[in-house]
S.K.: 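My questions all concern the structure below.
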4 protein chains.
Amino acid sequence: MERAVRRAQVLRHAKRIFARNGYHRTNVGQIVRRARIARGTFYLYFDNKRDLFEELLAQALGEISARIRRLRIGPGEPDPVEQLRANLRRVLEFVLRERDLTDIVLNHSVGFDPELDARVSVFYQRIAQDIKRSLDLGVEMHLVRPCDTEIAANCILGGIKEVVAWAARRKRPAIVALAEEILALGLTGVARPALLESGAKARTADGRLSGEARL
Amino acid sequence: MERAVRRAQVLRHAKRIFARNGYHRTNVGQIVRRARIARGTFYLYFDNKRDLFEELLAQALGEISARIRRLRIGPGEPDPVEQLRANLRRVLEFVLRERDLTDIVLNHSVGFDPELDARVSVFYQRIAQDIKRSLDLGVEMHLVRPCDTEIAANCILGGIKEVVAWAARRKRPAIVALAEEILALGLTGVARPALLESGAKARTADGRLSGEARL
Amino acid sequence: MERAVRRAQVLRHAKRIFARNGYHRTNVGQIVRRARIARGTFYLYFDNKRDLFEELLAQALGEISARIRRLRIGPGEPDPVEQLRANLRRVLEFVLRERDLTDIVLNHSVGFDPELDARVSVFYQRIAQDIKRSLDLGVEMHLVRPCDTEIAANCILGGIKEVVAWAARRKRPAIVALAEEILALGLTGVARPALLESGAKARTADGRLSGEARL
Amino acid sequence: MERAVRRAQVLRHAKRIFARNGYHRTNVGQIVRRARIARGTFYLYFDNKRDLFEELLAQALGEISARIRRLRIGPGEPDPVEQLRANLRRVLEFVLRERDLTDIVLNHSVGFDPELDARVSVFYQRIAQDIKRSLDLGVEMHLVRPCDTEIAANCILGGIKEVVAWAARRKRPAIVALAEEILALGLTGVARPALLESGAKARTADGRLSGEARL
DNA sequence: GATGAATGAGTCTTCATTCAT
DNA sequence: GATGAATGAAGACTCATTCAT
């Protein structure tokens with residue numbers, strides 16, 4: 001158990017430095033200095049620098065994944081939107097609390113190791129697919145308008161990522177409000193509903209707006 | 001003039017390698033080998049490795065910036081949505097043609113140099129602000145529903161980035177269709193308009209949908 | 001007494017590992033793991049890694065030395081050849097039983113420490129001198145043909161070492177037969193005696209054989 | 001060509017140091033200091049320290065191998081002993097000229113790398129087999145007395161190795177004389193021929209000498 | 001201008017040894 | 001005595017950059 005504590009300690013310090021400086025500008029010397037341990041001690045707990053980084057990354061990706069629950073449809077299940085909201089809040093709660101990890105995932109997790117690149121890539125693709133699946137289901141249930149759900153899924157994923165990155169730069173981001181904004185945007189976009197009511201009729205087959213209904 | 005040609009040549013090769021391997025896994029040796037020049041020659045045309053990378057990045061950011069025109073409102077100006085569409089298409093046209101540059105900007109432009117990080121950061125923030133300004137204008141003009149336009153702007157930006165990244169992995173992405181999907185998503189979201197018409201009324205203060213119209 | 005037992009135990013395990021891997025590819029971690037003691041305990045029994053190795057080496061060299069008795073000439077003493085044979089058998093018995101030690105002495109005892117190098121070197125030189133002395137005596141007694149006894153001594157020593165190394169690789173080497181082969185070789189060489197009888201006359205000054213008797 | 005010269009230069013210096021200190025007590029720093037080159041330059045010419053050592057070893061083993069020619073029997077071919085003598089002289093000429101290489105092969109080539117160990121092992125085994133083959137041939141031709149030629153081969157090989165090691169410690173070893181001593185020893189052993197003439201008869205089945213014929 | 005051999009600072013990693021418990 | 005976590009000196013290797021030709 002002592003061991004786990006020590007590891008966690010080193011991980012905590014390393015997380016900080018990796019978040020600030022990225023993988024390559026972080027060297028083992030910085031980590032051990034910050035963690036106040038000897039160089040050799042570092043290698044008592046981690047195989048190497050990459051191993052430590054990998055663990056941080058896995059920690060983040062794992063925790064985020066665990067906070068995304070698949071939508072359940074059926075009698076007695078909560079409103080799908082409610083489920084989306086819950087997912088979003090859980091994820092936001094984590095990523096905005098663990099900003100260093102978030103920074104690592106968003107900014108420093110790509111480009112220095114093909115294997116880790118692949119792992120991150122798979123992580124995002126899985127989320128995109130989850131979203132796509134939800135959208136497909138929504139289309140089936142006539143809750144979601146027909147569209148290219150794959151593109152939509154990626155668009156939504158990207159939107160969340162960017163908002164998270166943005167929010168992580170703020171002092172005390174309001175998680176609930178953030179979730180609502182994202183949700184509303186994803187569901188209804190930015191256009192005024194009134195506008196769309198009339199505009200909806202004017203909408204042509206290829207989705208373009210026409211007539212006076214503009215935006 | 002000869003000089004510029006030589007530079008461009010080297011840049012072209014380097015672009016390829018940076019896109020594939022990122023900044024740190026690319027070394028000067030690879031570049032000069034690929035460009036069929038001597039190591040020393042490299043330094044006749046570029047101050048150093050970072051300088052070359054910076055130039056590629058500036059190229060990309062500059063070209064993308066140039067393709068984003070500020071919305072003009074007024075008599076005789078085209079429909080704002082049309083202007084958005086044009087912006088989007090111009091950008092997509094470039095980033096999906098210059099995939100290596102896009103890859104560099106999206107995946108390899110962060111984390112090895114505070115100054116470059118800042119430059120990329122500023123680039124995106126400027127775009128986000130452009131979008132925000134447009135949204136604010138839209139709100140003023142009653143075309144856009146009231147919302148936190150800063151969050152919305154970042155969300156839209158992120159959506160575009162992710163879709164671009166996704167599309168860049170496809171063989172022959174259809175730019176026009178992509179632009180329309182993004183546009184539609186940004187404007188109306190994914191929910192069925194019909195649903196929203198009735199649902200809009202049912203929407204409670206905290207943004208939750210109620211009644212049968214759920215999504 | 002307990003202490004000596006513990007030491008012996010550790011020595012036994014270390015011997016194994018040193019024999020297999022040599023000095024440098026053996027680290028203290030392997031030894032303590034194998035001996036099921038703590039790292040610190042190791043240093044309660046040995047000054048350091050080198051010290052342990054030195055002891056193993058001394059063990060081997062000492063035991064071998066003890067098994068080589070100086071030839072005694074005189075009335076009532078056994079046949080000198082018989083004494084040689086006994087020496088050889090005693091040494092072979094030990095080195096082929098303690099193969100790990102033998103491996104250490106033959107293959108891993110040189111090159112990482114000037115002092116140990118010297119000790120091994122002295123050990124062999126002493127044996128060579130013993131052999132040389134015996135040969136000199138033999139020459140004096142007209143049992144050994146005049147020759148450069150120093151070279152001969154070294155040659156014999158090397159022969160024994162190599163045969164030992166070879167035999168140590170076999171499953172169950174026959175010590176008696178080995179001793180006889182070595183003895184016969186040292187005494188009479190490989191040439192057919194019959195051949196030599198006639199050939200001896202034909203031998204020219206520079207040692208070359210002539211006439212039909214060739215070998 | 002310039003490249004080869006530089007390599008040879010570094011190899012020359014490294015050879016010296018490896019011979020004196022062995023593989024492990026030699027570090028790259030020593031080599032580059034001695035060769036008056038920068039650390040990085042070293043790696044321009046060699047993959048790593050082991051690579052350089054391997055090359056030295058290969059050089060030695062290759063040259064020695066090349067100097068050992070298989071015995072040719074037949075009309076017009078020189079006396080087999082003459083061929084042995086030539087082999088021996090060629091080898092001695094090389095190993096006593098290139099003493100550093102010899103030192104490396106004899107003392108520092110075992111125990112730090114399984115692959116190199118194997119290479120050296122194979123080298124010696126091949127020579128032992130060559131000798132054995134020659135002996136078998138000799139037995140067939142009734143030039144060599146029946147014996148365990150495998151043991152004899154190893155014994156002879158070991159004798160040569162040890163004499164070489166011994167001679168390499170002398171100032172100006174006489175190659176011709178050395179070769180003759182070794183040859184004589186291998187062929188006739190140390191016993192006085194006269195003794196053997198009578199002793200041969202007294203020799204019992206198991207090779208033991210009996211009667212007055214002693215030694 | 002072009003070349004490519006040379007440079008050496010900067011990093012990671014290992015491992016024998018120590019020492020507080 | 002026993003433990004094993006901690007230490008830090010030592011050494012291998014990389015690679016952006018320089019400079020003599």
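Worth knowing before you read on, the calculation uses all heavy atoms, side chains too, and leaves out hydrogens, waters and symmetry mates. Note on naming: letters A, B, ... go to the chains in the order of the sequence lines (proteins, then strands), and numbering restarts at 1 for each one.
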S.K.: For the salt bridge (Lys or Arg N to Asp or Glu O under 4.0 Å) test, which of C/Lys15, C/Arg12, C/Arg16 pairs with C/Asp100?
M.R.: C/Arg16
S.K.: Let me know, please, whether A/Lys49 or C/His24 comes out on the 5' side of the other along DNA chain E by nearest nucleotide.
M.R.: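 The residue whose closest nucleotide sits nearer the 5' end is A/Lys49.
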S.K.: Hey, which of these two, D/Phe42 or B/Thr41, hits DNA chain E nearer its 5' end, going by closest nucleotide?
M.R.: B/Thr41
S.K.: Give a yes or no on whether D/Arg97 atom CZ has more than 12 heavy-atom contacts from other residues, nucleotides or ligands under 6.0 Å away.
M.R.: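 It does: D/Arg97 CZ has more than 12 such atoms within range.
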S.K.: Between D/Val28 and B/Val28, which has a closest nucleotide on DNA chain F that is more 5'?
M.R.: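 Taking each residue's closest nucleotide, the earlier one in sequence belongs to D/Val28.
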S.K.: Return the orientation label for the D/Tyr23 and D/Phe53 ring planes: parallel under 30°, perpendicular over 60°, tilted otherwise.
M.R.: perpendicular
S.K.: For a quick check under 3.5 Å, do B/Gln125 and B/Ser121 share a side-chain donor-acceptor pair by atom type?
M.R.: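 Yes, because at least one side-chain N or O of B/Gln125 sits under 3.5 Å from a partner of the opposite role on B/Ser121.
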S.K.: Check every strand shown and say whether C/Tyr45 touches a base, only sugar-phosphate, or nothing at a heavy-atom separation below 4.0 Å.
M.R.: sugar-phosphate
S.K.: Just N and O in the side chain of D/Asn27: are any of them under 4.0 Å from OP1 or OP2 of F/dG11?
M.R.: yes
S.K.: With a 3.5 Å limit on both atom pairs, tell me what E/dT13 is paired to, counting Watson-Crick and G-U wobble, or say none.
M.R.: F/dA10
S.K.: For B/Arg126, I'd like to know if atom CZ has over 12 heavy atoms of other residues, nucleotides or ligands within 6.0 Å.
M.R.: no
S.K.: For E/dC19, which nucleotide is its Watson-Crick or G-U wobble mate, given both distances must be under 3.5 Å?
M.R.: F/dG4
S.K.: Can you give the first and last nucleotides of DNA chain E, 5' to 3', that have an atom under 4.0 Å from a heavy atom of chain A?
M.R.: E/dT11 to E/dC15
S.K.: Tell me which residues in residues 33-40 of chain C put a heavy atom below 4.0 Å from DNA chain F, sorted by number, or none.
M.R.: C/Ala38, C/Arg39, C/Gly40
